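I have placed the structure first, in the form of structure tokens, so that the comments after it can refer back to it.
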There are 2 protein chains.
Amino acid sequence: MPKLLVIGGMAAGMSAASKVRRLRPEWEVTVLEAGEDPSYGACGLPYWIGGAVVQMDDLYALSAEEVRARGIDVRLRQRALALLEGKKRLRVEDLPSGGTYEEPYDALLIATGSRALLPALRGLEGDNLFTMHDLGDGRRLQRFLDEGRRRSAVVWGTGYIGIEMAENLAARGVAVTLINRSARVMRSLVPEVRDRVLRELEDHGVRVLLEVQVLEAVRDGASIVSLRTDRGDLPADLFLVATGVRPATDFLEGSPVPRSAEGAIQVDETCATGVHGIWAAGDCCQVRHLVTGRPAYLPLGTTANKMGRVAGSAIAGERERFPGVVGTAITRAFGLEVGVTGLSPDQAREAGFDPVEAVIEAGTRAGYYPGGGGTLVHLTADRRGRLLGAQVCGPEGVKGRIDTAAAALTGGMKVEDLAMLDMAYAPPFAPVWDPLLVAAGVLKAKLGR
Amino acid sequence: MPKLLVIGGMAAGMSAASKVRRLRPEWEVTVLEAGEDPSYGACGLPYWIGGAVVQMDDLYALSAEEVRARGIDVRLRQRALALLEGKKRLRVEDLPSGGTYEEPYDALLIATGSRALLPALRGLEGDNLFTMHDLGDGRRLQRFLDEGRRRSAVVWGTGYIGIEMAENLAARGVAVTLINRSARVMRSLVPEVRDRVLRELEDHGVRVLLEVQVLEAVRDGASIVSLRTDRGDLPADLFLVATGVRPATDFLEGSPVPRSAEGAIQVDETCATGVHGIWAAGDCCQVRHLVTGRPAYLPLGTTANKMGRVAGSAIAGERERFPGVVGTAITRAFGLEVGVTGLSPDQAREAGFDPVEAVIEAGTRAGYYPGGGGTLVHLTADRRGRLLGAQVCGPEGVKGRIDTAAAALTGGMKVEDLAMLDMAYAPPFAPVWDPLLVAAGVLKAKLGR
């Protein structure tokens with residue numbers, strides 16, 4: 001009876017385990033999870049902190065007991081230490097006892113995800129320093145907020161977690177200062193879209209400081225009292241760092257599993273690593289960027305779920321493919337939705353394209369129809385006409401327009417075809433020329449097509 | 001100095017006239033409009049009746065005076081009688097005087113749109129019988145509603161105008177009975193989606209009767225008092241007929257301009273008719289259906305705008321193409337959004353495909369995130385895997401999912417590629433598996449792909 005060992009009991013690992021369980025009921029399926037919970041919705045953590053999500057239990061897809069009842073042997077607080085590939089075994093630490101043991105496998109799925117990356121900074125530790133990466137982080141911050149009156153926070157990092165935490169800490173009555181080392185927001189926002197996001201944050205009382213050099217974390221006993229920066233001291237009751245993640249693959253050091261310079265595992269369309277019997281999926285992996293055709297590290301829950309399903313299918317001997325991503329992401333800053341897909345002009349240049357861009361503002365509904373508001377649409381294309389990327393921000397309808405652009409990117413659509421796309425129109429939902437069509441028309445004219 | 005004559009001052013005609021005005025400032029541009037207003041937003045009429053749109057003026061894109069100020073000679077209440085193609089002239093009736101004259105042209109754009117089709121039924125005329133096709137219709141109904149207490153209406157036709165009028169008459173406190181000769185709703189809704197639309201209408205007090213045979217309009221003097229049907233008499237204070245439209249092209253009888261059996265003008269991708277110097281655009285034309293590859297009659301404002309722009313560009317000697325449509329449409333019935341794109345299974349069969357379908361219900365947001373609700377997604381594919389159509393209904397996000405499917409259809413996407421599409425995810429906007437991805441996954445499994 002073959003045994004599948006899955007390292008990591010989150011989105012990718014649990015998806016794969018469930019798929020194999022269904023397709024191969026006779027197999028033994030074991031999941032080792034380093035944390036205290038399997039299969040949770042980490043993306044909902046900011047909203048649990050802010051209060052929109054009331055019950056933390058709601059964030060679990062399944063409890064450990066439910067997973068076990070489905071015939072998956074999930075073991076919590078078990079950490080992978082080293083891959084003994086020649087022996088088809090994994091060296092594991094039992095975190096509660098500190099003891100180690102070797103776990104055998106016939107098939108191995110690496111789904112260890114990512115870990116929060118803390119900046120190397122003197123003094124950056126303390127009982128009021130938080131990350132927001134897993135359920136344990138969420139519990140710790142929730143407890144801290146519940147325990148006393150917390151008036152102020154510094155959130156370090158302007159990716160989507162930083163933005164969502166700024167909103168949700170503000171919802172708890174905390175005065176938030178949001179800082180970032182560079183001027184970049186959500187990795188790649190163009191200036192027009194970025195500035196609108198920053199304005200929305202500031203309009204809701206979030207103080208934003210970009211291009212800040214953090215010099216030192218000033219501590220008093222077990223706590224940080226302020227961040228010393230080139231823009232002055234930033235005192236606060238709590239400090240949240242969301243400056244990025246890296247693949248949790250250190251235990252693969254010395255193994256033949258191929259990894260990129262940043263440690264992301266290289267897999268093919270079936271999530272196979274090329275090492276016999278070993279697959280990988282989720283935030284510990286590179287993915288293929290369908291616009292550049294090259295591998296990229298873009299860890300996201302939705303991708304992890306897809307890869308997990310494909311990996312489970314491949315391990316069970318069925319045929320599914322994960323072709324890759326186009327770099328789609330969305331978040332919300334208070335009343336403003338903001339989404340991206342494909343490449344920004346800078347990213348396009350880096351990838352060797354000759355980008356041309358256009359940005360427009362248009363209403364989200366027919367001009368005479370009440371509600372809605374102005375939405376910004378920024379498009380990037382190669383000079384030869386191929387659509388390369390889209391960014392949209394506005395009060396509503398951003399996901400739909402970004403998804404439409406994502407489908408267009410996936411199909412390799414030209415800007416002139418996007419400009420004539422048969423998008424849905426009725427007065428409550430869009431102007432007769434959808435903002436995406438308007439932007440494509442402007443870009444088409446710029447390209448002389 | 002060449003002279004462009006445009007017949008029809010609505011979406012297609014005004015778009016073309018404006019485009020030519022911009023590109024060829026030296027040309028003479030004349031627009032003949034049979035009605036009282038140029039360039040209006042007819043799609044907003046139901047919402048003006050219901051009260052969401054407060055000012056009728058808001059429905060005008062431009063007034064006749066504004067159009068003239070831009071150098072377009074727009075003449076109202078001028079009706080095309082006959083095309084004298086050999087003489088490059090149009091015979092026109094001046095409606096106020098009843099006199100006729102011949103108007104010369106160098107280039108002619110036919111943009112006469114469509115006209116409401118009244119069923120052939122004894123007694124079907126009266127001062128309380130309405131259609132909802134142009135601004136004049138809207139004014140008449142608004143006046144009628146304002147003049148007295150109107151308690152009840154029969155709306156005949158379950159296309160989007162019938163549905164929108166049911167909602168907006170209900171908003172005016174009128175008890176609505178919505179009837180249709182067949183069981184079809186919005187032309188092609190599959191039973192699952194159709195039944196949910198019907199339930200939403202009935203939940204909001206609209207009485208719906210399908211497969212009704214209307215036998216006679218019973219009149220008392222100048223008014224209709226009831227419709228006699230095989231399901232009993234349907235008395236009402238007002239009767240609104242929205243059973244469809246046909247191309248307004250009767251004046252082309254005997255001309256060489258090519259028309260389909262139903263009278264829709266046949267044009268190529270540049271809106272040329274093939275007759276020298278004559279173009280056509282908008283609701284009087286056939287369009288190419290990009291899924292079947294065949295011509296279809298699908299009159300919609302968004303298509304008319306696109307064709308008008310392309311026709312204007314072509315007339316001015318520039319190069320733009322209108323590739324066609326995929327059959328996208330959206331409407332709202334009270335709290336339910338409903339959209340379609342591509343082919344239904346029946347339409348697919350008629351077009352020679354071997355369709356396979358799947359329908360799912362899923363949440364519009366992450367399960368733990370408040371708000372949203374269940375959305376139905378129905379997908380149709382050819383047995384070989386090509387996506388053929390989508391129908392979606394739910395409380396939010398329908399336009400985005402339909403537009404995404406429309407882009408996928410335009411690109412000729414396969415179901416397995418849609419199942420892995422990189423759609424935007426964050427808890428307020430979607431579950432980690434978007435309902436569209438879930439539906440594609442189920443259909444993919446049915447197809448054995």
Side-chain angles (χ1 to χ4, degrees), chain A residues 11 41 43-44 47 52-53 55 58-59 160 290 300-303 305-306 310 321-332 337 339 341 366-370 397-404 406-408 410-413 416-417 420-430 432-434, chain B residues 11 41 43-44 47 52-53 55 58-59 160 290 300-303 305-306 321-332 337 339 341 366-370 397-408 410-413 416-417 420-430 432-434:
Chain A
C43 308
Y47 302 98
V53 176
Q55 292 287 339
D58 295 343
L59 299 182
Y160 58 89
L290 297 173
L300 278 177
T302 176
T303 302
N305 270 278
K306 292 190 186 93
V310 167
R321 290 179 329 116
F322 176 68
V325 304
V326 289
T328 309
I330 192 169
T331 190
R332 197 187 61 192
E337 306 175 357
T341 190
Y368 51 77
Y369 198 89
V398 168
K399 173 176 156 64
R401 291 179 176 111
I402 282 296
D403 285 344
T404 306
T410 304
M413 198 177 275
E416 61 259 43
D417 293 324
M420 288 289 154
L421 184 64
D422 189 12
M423 293 183 75
Y425 160 64
F429 303 112
V432 68
W433 286 99
D434 191 277
Chain B
C43 308
Y47 302 99
V53 175
Q55 292 287 339
D58 295 342
L59 298 182
Y160 58 92
L290 297 172
L300 278 177
T302 176
T303 301
N305 269 280
K306 292 189 186 92
R321 289 179 330 116
F322 176 68
V325 304
V326 290
T328 309
I330 191 167
T331 190
R332 197 187 58 191
E337 307 175 357
T341 189
Y368 51 78
Y369 197 89
V398 167
K399 174 177 155 62
R401 292 180 176 109
I402 282 296
D403 285 344
T404 306
T410 304
M413 198 177 274
E416 61 258 44
D417 293 324
M420 288 287 153
L421 184 64
D422 190 14
M423 294 182 75
Y425 161 63
F429 303 113
V432 68
W433 287 97
D434 190 277

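Values reported hereafter were calculated over all heavy atoms of this structure, with side chains retained and with hydrogens, waters and symmetry mates removed. First the proteins, then the strands, lettered A, B, ... as listed; each starts at 1. None of the values given here were measured: they were computed from a predicted structure.
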Tell me, for [X] versus chain B, whether the close heavy atoms (under 4.5 Å) come from the side chain, the backbone, both or neither.
X: A:M423; answer: both
X: A:T331; answer: backbone
X: A:I402; answer: side chain
X: A:A52; answer: both
X: A:V398; answer: neither

Q: Could you tell me which residues satisfy ring-ring contact (aromatic ring centres under 6.0 Å, His included) with A:Y368, sequence neighbours excluded, listed by chain and number?
A: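 With neighbours one apart ignored, the set is empty.
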Q) Considering residues at least two apart in sequence or located in another chain, which fulfil the ring-ring contact (aromatic ring centres under 6.0 Å, His included) criterion with B:F429? A) none
Q | Side chain / backbone / both / neither for B:Y47 at chain A, heavy atoms under 4.5 Å | A |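 The side chain, not the backbone.
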Q: Against chain A, label B:A406 side chain, backbone, both or neither, depending on which of its atoms sit under 4.5 Å from a heavy atom there.
A: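 Backbone plus side chain of B:A406, per the 4.5 Å heavy-atom cut-off to chain A.
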Of the non-hydrogen atoms in [X] and [Y], which two are nearest, and what is the gap between them?
X: B:L421; Y: A:T410; answer: CD1-OG1, 3.3 Å
X: A:A424; Y: B:K399; answer: O-NZ, 2.8 Å
X: B:C43; Y: A:P427; answer: O-CG, 3.4 Å
X: A:G44; Y: A:V53; answer: O-CG2, 4.4 Å
X: B:G301; Y: B:A11; answer: O-CB, 4.4 Å

Pick whichever of [options] has the most heavy-atom pairs under 4.5 Å with chain B.
options: A:L290, A:T328, A:T302, A:V432; result: A:T328
options: A:Y160, A:W433, A:F322; result: A:W433
options: A:R401, A:E416, A:M413, A:R332; result: A:R332
options: A:D417, A:D434, A:D403; result: A:D403

Q | A:D422 side chain to B:G327 backbone, donor-acceptor under 3.5 Å | A | yes
**Q.** Among the listed options B:P428, B:A366, B:G411, the residue most often paired with chain A at heavy-atom distances under 4.5 Å
**A.**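 Most pairs with chain A among the choices: B:P428.
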